[in-house]
2 protein chains.
Amino acid sequence: MSSLDGPANIPVPPPILNPAGGANQVRVRAYNERLVLSLVRLYGALSKADIARRSGLSAQTVSVIMRVLEKEGLLSRGEPVRGRVGQPSIPMHINPDAVYSFGLKMGRRSADLVLMDFVGRIRMQLHRTYAYPLPDEILAFVTSGIRELEDRLDDKQRGRIAGLGIAAPFELWNWAEEVGAPPGAMDVWRDVDLQADIAARVSHPVFMQNDATSACGAELVFGVGPSYPDFVYFFIGSFIGGGIVLNSAIFSGRTGTAGAIGPLPVRGKNGETMQLLEIASIFVLENMLRERGIDPEPLWYSADGWVDFGEPMEAWIQDSAKALAQAIVAAASIVDFSAAVIDGGFPDWVRSRVVQATIDEAAKLDLQGVVMPEIIEGAVGAQARAIGGASLPIFARYLTDQNVLFKEVDHAERT
Amino acid sequence: MSSLDGPANIPVPPPILNPAGGANQVRVRAYNERLVLSLVRLYGALSKADIARRSGLSAQTVSVIMRVLEKEGLLSRGEPVRGRVGQPSIPMHINPDAVYSFGLKMGRRSADLVLMDFVGRIRMQLHRTYAYPLPDEILAFVTSGIRELEDRLDDKQRGRIAGLGIAAPFELWNWAEEVGAPPGAMDVWRDVDLQADIAARVSHPVFMQNDATSACGAELVFGVGPSYPDFVYFFIGSFIGGGIVLNSAIFSGRTGTAGAIGPLPVRGKNGETMQLLEIASIFVLENMLRERGIDPEPLWYSADGWVDFGEPMEAWIQDSAKALAQAIVAAASIVDFSAAVIDGGFPDWVRSRVVQATIDEAAKLDLQGVVMPEIIEGAVGAQARAIGGASLPIFARYLTDQNVLFKEVDHAERT
DNA sequence: GAATTAATAATTCAATTGGATTTATTTATT
DNA sequence: AATAAATAAATCCAATTGAATTATTAATTC
């Protein structure tokens with residue numbers, strides 16, 4: 001048949017991939033255990049028979065796995081469900097006190113340290129505001145904060161802490177002037193490896209992730225995630241950022257910046273091309289207030305401290321909504337997200353107004369051929385970043401990313 | 001500790017997910033077999049020991065698996081490699097004649113039917129052009145074409161045909177006037193299920209996928225894919241379309257339209273907002289030529305039939321490059337792709353000019369904060385859609401999507 | 001209405017299956 | 001002699017299969 005050869009010889013560049021490894025029994029068991037835990041978390045409470053049906057595993061296998069998880073204290077049994085023919089089923093649920101985790105949200109205006117339990121509830125928290133962050137102060141806040149919170153736990157509880165997850169912005173030194181930091185004051189951050197510095201002072205495993213990505217992760221697990229297999233997420237903080245969920249898993253991309261979204265080009269009020277973050281960020285509102293002689297301090301202290309600032313705030317919401325609507329159309333043209341989720345470091349009533357305005361603005365755009373996502377409010381709220389941070393240690397150890405058996409290799413490894 | 005409860009009760013919507021099932025040994029073997037095949041394909045030729053190292057599987061396991069694959073004729077052994085200490089290693093490579101597959105590319109101007117071998121080479125092909133496609137003619141072309149090509153094979157070869165993969169545009173009836181079809185002529189396509197109709201007339205399994213996504217798949221496997229773990233792909237046909245590769249796997253999204261890219265809003269020549277497909281599509285060039293009294297027929301017959309059309313073509317390339325550059329920035333703001341790959345149904349020299357122009361235009365945009373992908377030419381070329389189509393049956397049966405053990409459930413199942 | 005029997009479903013026990021690993025051996029080379 | 005590839009045999013381990021146990025509701029009989 002070689003005489004029939006058509007146009008051939010497609011050049012194949014040298015492979016750079018390091019595909020995931022092979023499968024074996026040990027990994028299969030680890031995977032199935034995580035799967036079971038994740039299913040229980042997703043549905044709140046499931047019997048062994050339920051898990052067997054939903055996982056496709058045999059009843060016996062599920063029985064064995066769940067007995068182990070119960071023995072380890074990760075699962076606990078609920079009240080038997082009667083009323084149906086047959087032996088009553090025993091719903092198993094996640095034991096909220098099985099695992100605790102610290103989450104640190106470090107921002108341009110404030111830091112939060114939270115202790116989260118195994119079902120995503122904040123059990124304790126500390127808060128600090130500042131004009132701009134400095135490494136030493138952050139380090140002191142974390143180390144003393146962890147000590148303080150741990151003091152309130154007993155020995156047994158302390159032993160169940162899975163680790164500390166940090167949610168922090170990328171490249172803090174950028175855009176420093178926009179938020180009023182003295183020129184050069186943020187340059188110290190260029191040489192700081194916060195994760196390493198904290199790890200050296202804390203006796204727990206330390207994880208770190210972009211703050212908006214973390215918030216997105218919190219939304220995935222504890223918010224609207226279970227209802228939408230993929231969504232684009234916007235978190236409006238001092239600077240707007242975002243994240244991407246695909247196949248019910250965070251997609252953080254090659255450089256970890258997927259879903260950063262801030263630099264997305266949009267058309268500004270006067271038709272000029274601007275970056276999304278120059279419009280839909282809280283620092284913009286802050287500057288608008290300052291220009292009008294209004295004290296913006298209430299913006300930082302706590303999301304609940306916001307008041308209705310009137311006209312400048314309405315203008316900011318309108319501008320932001322216009323920009324967000326464009327960003328959503330652009331995102332939808334690239335991936336057919338089922339939802340666009342908007343949340344931020346502000347009270348719920350502000351979020352509602354932003355989302356409604358964005359829905360209105362989106363309707364005015366040219367949507368031919370675009371599969372538009374549902375535009376909805378985030379369900380987690382202002383603390384999403386800290387919660388997302390705190391989830392990192394828990395997910396690394398106990399839960400599965402949808403259907404990926406073996407985690408992607410580290411970025412460093414794939415050179 | 002419950003007295004310390006912080007802000008809690010995050011509402012959890014009803015789960016809609018049907019996460020992937022559990023793992024077991026049978027699936028593990030199937031997965032490992034595909035992994036081995038994929039590794040051999042990726043690297044061209046690897047010894048059993050190499051595979052063991054790269055997969056993390058034990059030498060014995062790999063030995064067993066590869067002997068089976070060799071016995072099945074999928075792998076064949078190369079010349080022993082001497083010159084190093086120890087027993088010489090025997091590189092195993094994919095047997096190109098182990099599996100054949102048909103690929104049908106159906107477009108607005110022409111259709112191609114190809115027979116592809118197991119390493120992605122086109123062995124035979126048929127081509128047909130038309131003013132616009134009609135279901136009956138396409139059906140006749142495929143059925144008679146397959147018969148004709150199969151006649152040139154012997155019985156043994158015929159038995160190795162894995163199936164037929166169709167690459168066709170979404171919603172053919174849209175934009176019909178733009179390409180000069182009589183009003184309403186394309187409406188017949190609304191009620192046609194091409195995949196089912198062809199499957200009823202052909203004795204092979206039939207697969208179908210969007211044409212641009214198919215081209216993207218061909219690029220992933222046979223083109224630049226091995227060098228870039230994620231990229232956004234543009235295929236410039238009668239209409240521009242595209243695809244997305246994440247973690248070395250096609251991402252086709254919830255509705256199968258991820259990476260459609262056509263409706264992406266960009267700024268046109270006069271500052272007005274337009275959709276990418278209204279600028280960077282071959283039908284636009286076609287119309288430009290017609291306006292100037294130039295016969296556009298050479299555009300359709302074959303990519304090699306193109307001639308340099310001079311000024312109108314240069315203008316089209318410039319306009320397209322401006323639009324593509326904006327699309328790439330938008331895509332990069334959402335996902336940090338390592339590359340943006342541009343290919344199309346045109347000769348290589350046109351592709352080179354488009355890519356160079358796009359690189360130049362991208363440099364003029366505001367890139368602060370954007371992780372820009374490398375803008376590169378596709379390595380597969382004008383036949384990418386047909387090759388991608390032909391890969392569908394092969395991939396469904398023999399190769400793995402990176403590290404996903406169990407394929408995502410069908411979209412229909414996840415309601 | 002109470003007692004009895006059948007049907008159903010959840011769970012577990014015991015035996016089997018099958019694929020990966022481990023250990024030891026053979027082969028071919030520098 | 002050292003090294004590396006390849007394979008054979010024995011072992012291990014998690015999932016499955018099929019049977020048994022348990023707890024319940026539903027239907028029937030007295």
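Just so it is clear, the structure is predicted and the values come from calculations on it, not from any experiment. Lettering follows sequence order; numbering is per chain, from 1.
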Can you tell me if B:R34 uses its side chain to pair, donor with acceptor, with the backbone of B:R397 under 3.5 Å?
yes

Mind checking who D:dT11 pairs with, Watson-Crick or G-U wobble, both distances under 3.5 Å?
C:dA20

A:Q25 CD to C:dT21 P, straight-line distance once rounded to whole Å
9 Å

In whole Å, what is the span from the CD atom of A:E70 to the P atom of C:dA10?
18 Å

Take atom OH of A:Y31 and atom C1' of D:dA15, then tell me their distance rounded to the nearest Å.
15 Å

Between C:dG18 atom P and B:N32 atom CG, what is the distance in whole Å?
17 Å

Output the rounded distance in Å from CG (B:L57) to P (C:dT22).
12 Å

Taking the side chain of A:A49 as its heavy atoms from C-beta onward, which of D:dT7, C:dT11, D:dA14 lies nearest to it?
C:dT11

Taking for each residue the nucleotide of DNA chain D bearing the nearest heavy atom, is the 5' side occupied by A:R84 or by B:S89?
B:S89

Min side-chain heavy-atom separation A:F395-A:V221 under 4.5 Å:
yes

Quick one, which residues of residues 58-68 of chain B touch DNA chain C with a heavy atom under 4.0 Å?
B:S58, B:Q60, B:T61

What is the distance, to the nearest angstrom, from the CZ atom on B:R29 to the C1' atom on D:dT16?
18 Å

Is the ring pair A:F102/A:H204 parallel, tilted or perpendicular, if the boundaries are 30 and 60 degrees?
tilted

Test: B:R123 and B:D97 ion pair at under 4.0 Å:
yes

What's the closest nucleotide to the A:S47 side chain, out of D:dA14, D:dA5, C:dT11?
C:dT11

Review item, nucleotides 3-8 of chain C N/O atoms under 3.5 Å of protein N/O:
residue: C:dT8; atom: O2; partner: A:G86; partner atom: N; Å: 3.3

Rounded to the nearest 0.5 angstrom, the CZ-CG distance for B:R41 and B:L74 is 10.5 Å

Does A:K48 put a side-chain nitrogen or oxygen below 4.0 Å from OP1 or OP2 of C:dT12?
yes

Nearest whole angstrom, please: distance from the P of D:dA6 to the CG of B:L75.
13 Å

Which one of B:V36, B:V62, B:L75, B:I51 satisfies the side-chain contact (heavy atoms from CB on, under 4.5 Å) criterion with B:L46?
B:I51

A:R158 atom CZ, neighbour heavy-atom count above 12 within 6.0 Å
yes

Just the rounded figure in Å: distance from C1' of D:dA4 to CD1 of B:I90.
13 Å

Which of B:Y100, B:F222, B:Y398 passes ring-ring contact (aromatic ring centres under 6.0 Å, His included) with B:F118? It is B:Y398

Find the distance between CG (A:L220) and CG (A:D230) and round it off to the nearest 0.5 Å.
11.0 Å

